[in-house]
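Written out below as structure tokens is the structure these notes cover.
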Amino acid sequence: MTSGLRMSWTLEGRGWAGCILEDQYAKAELTASYITSAPEELLAAVTRLVTGGTEARVQFEAEPTAYRWIFSREGDDVRIRVLYLRDGRDGDDRGSVVWSGRAGVHPLARAVIRCFDEVARTYGESGYDETWGRPFPGFELEALRRLWRSRERARD
């Protein structure tokens, strides 16, 4: 299992963001455009996994390329693969793996929550909206946080 999973989300100009996903073994630098709801979809996908979902997918459009996240949950572990696609409409078989690893579902949720907490601290909601071009995904972040905390308490 992957330990030390980290993620960051950095706004890089109007409608563009950089996302870094890394663990002790590998690091991937991804790009996302605001033409899709990438942050909201990522938060919702991790929320589904925390609730017991076994699969989730998210796509970051990078116009015309894309990064597709594929999550597969087995017990408390989640296998994560991120594919680079030359065209976002391509199937998985046309993509190349840019990052692959495993994490516990709770460490994955914690990494995503920490990432977007840092985004909120760095930009604030209005600064995020002005730079990204969409509102900060506060509802999705808080939904994940509440669910994660309730599941963490139940584990204790």
Side-chain angles (χ1 to χ4, degrees), residues 2 4-51 53-74 77-103 105 107-145 147-148:
T2 299
L5 184 67
R6 293 174 306 283
M7 188 179 136
S8 66
W9 182 267
T10 306
L11 301 179
E12 298 177 343
R14 180 76 173 162
W16 291 98
C19 177
I20 296 175
L21 178 63
E22 63 184 315
D23 64 9
Q24 65 190 43
Y25 304 107
K27 176 179 179 179
E29 297 184 22
L30 318 173
T31 301
S33 165
Y34 76 118
I35 64 169
T36 61
S37 307
E40 293 87 345
E41 291 174 21
L42 179 62
L43 288 159
V46 174
T47 300
R48 283 192 301 278
L49 295 167
V50 171
T51 63
T54 58
E55 290 189 20
R57 291 171 168 259
V58 177
Q59 186 155 307
F60 289 3
E61 295 294 336
E63 303 181 56
T65 62
Y67 293 94
R68 185 171 298 148
W69 300 59
I70 303 168
F71 300 95
S72 302
R73 182 176 175 171
E74 300 167 4
D77 295 338
V78 179
R79 179 175 181 231
I80 307 162
R81 286 188 315 139
V82 180
L83 306 177
Y84 169 78
L85 301 158
R86 292 178 58 80
D87 186 316
R89 297 169 295 191
D90 288 343
D92 295 348
D93 60 330
R94 307 261 332 245
S96 57
V97 177
V98 295
W99 195 89
S100 179
R102 288 188 175 273
V105 69
L108 170 62
R110 183 175 46 243
V112 172
I113 291 166
R114 285 179 177 167
C115 170
F116 285 97
D117 280 347
E118 183 61 27
V119 170
R121 275 191 294 277
T122 301
Y123 302 101
E125 289 193 20
S126 62
Y128 180 92
D129 188 8
E130 290 171 14
T131 307
W132 177 241
R134 289 179 179 258
F136 181 76
F139 175 80
E140 293 84 354
L141 175 59
E142 290 310 312
L144 174 58
R145 184 189 323 277
L147 181 65
W148 175 71

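This structure is a prediction, so every number in the text was calculated from the model and none was measured.
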Can you list, pair by pair, the side-chain donor-acceptor contacts under 3.5 Å of residues 31-43, counting residues two or more places apart and other chains?
from: Ser33; atom 1: OG; to: Ile35; atom 2: N; distance (Å): 3.2
from: Ser33; atom 1: OG; to: Glu63; atom 2: OE2; distance (Å): 2.3
from: Ser37; atom 1: OG; to: Arg134; atom 2: NH1; distance (Å): 3.2

What heavy-atom pair brings Ala103 and Leu5 nearest, and what distance separates the two atoms?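 Heavy atoms only, the tightest pair is CB-CD2, 3.9 Å.
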Search all heavy atoms of Ala62 against all heavy atoms of Tyr67 and return the closest pair with its distance.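 So the two residues come closest at CB-CE1, 4.4 Å.
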Just by modelled atom types, is the Glu55 backbone N or O under 3.5 Å from a matching donor or acceptor in the Arg57 side chain?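 No, the answer is negative, given that no donor and acceptor are paired below the 3.5 Å cut-off.
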Do Arg73 side-chain atoms and Leu49 backbone N/O form a donor-acceptor pair below 3.5 Å?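 Yes: the side chain of Arg73 pairs with the backbone of Leu49.
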Can you tell me how far the CD atom of Glu29 sits from the CG atom of Leu21, to the nearest 0.5 Å?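 Here the rounded value is 11.0 Å.
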Interatomic spacing from CZ in Arg68 to CZ in Arg94 - rounded to 0.5 Å: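 Atom-to-atom, Arg68:CZ and Arg94:CZ are 11.0 Å apart.
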For Cys19, what residues pass the side-chain contact (heavy atoms from CB on, under 4.5 Å) criterion, not counting sequence neighbours?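 Expected list: Met7, Trp9, Leu30, Phe60, Trp69.
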Name all residues meeting the side-chain contact (heavy atoms from CB on, under 4.5 Å) criterion together with Arg110; count only those two or more places apart in sequence or in a different chain, and write none if there are none.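 Partners of Arg110 under the side-chain contact (heavy atoms from CB on, under 4.5 Å) test: Pro107, Arg114, Trp148.
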For residues 116-128, which side-chain donor-acceptor pairs fall under 3.5 Å, sequence neighbours excluded?
from: Asp117; atom 1: OD1; to: Arg145; atom 2: NH1; distance (Å): 3.4
from: Asp117; atom 1: OD1; to: Arg145; atom 2: NH2; distance (Å): 2.5
from: Asp117; atom 1: OD2; to: Arg145; atom 2: NH1; distance (Å): 3.0
from: Glu118; atom 1: OE1; to: Arg121; atom 2: NE; distance (Å): 3.3
from: Glu118; atom 1: OE1; to: Arg121; atom 2: NH2; distance (Å): 3.1
from: Glu118; atom 1: OE2; to: Thr122; atom 2: OG1; distance (Å): 3.2
from: Thr122; atom 1: OG1; to: Glu118; atom 2: O; distance (Å): 2.8
from: Tyr123; atom 1: OH; to: Leu11; atom 2: N; distance (Å): 2.9

Show me the side-chain donor-acceptor pairs of residues 79-88 shorter than 3.5 Å, one per line, residues at least two apart or across chains.
from: Asp87; atom 1: OD1; to: Arg89; atom 2: N; distance (Å): 2.8
from: Asp87; atom 1: OD1; to: Arg89; atom 2: NE; distance (Å): 3.1
from: Asp87; atom 1: OD2; to: Arg89; atom 2: NH2; distance (Å): 2.7

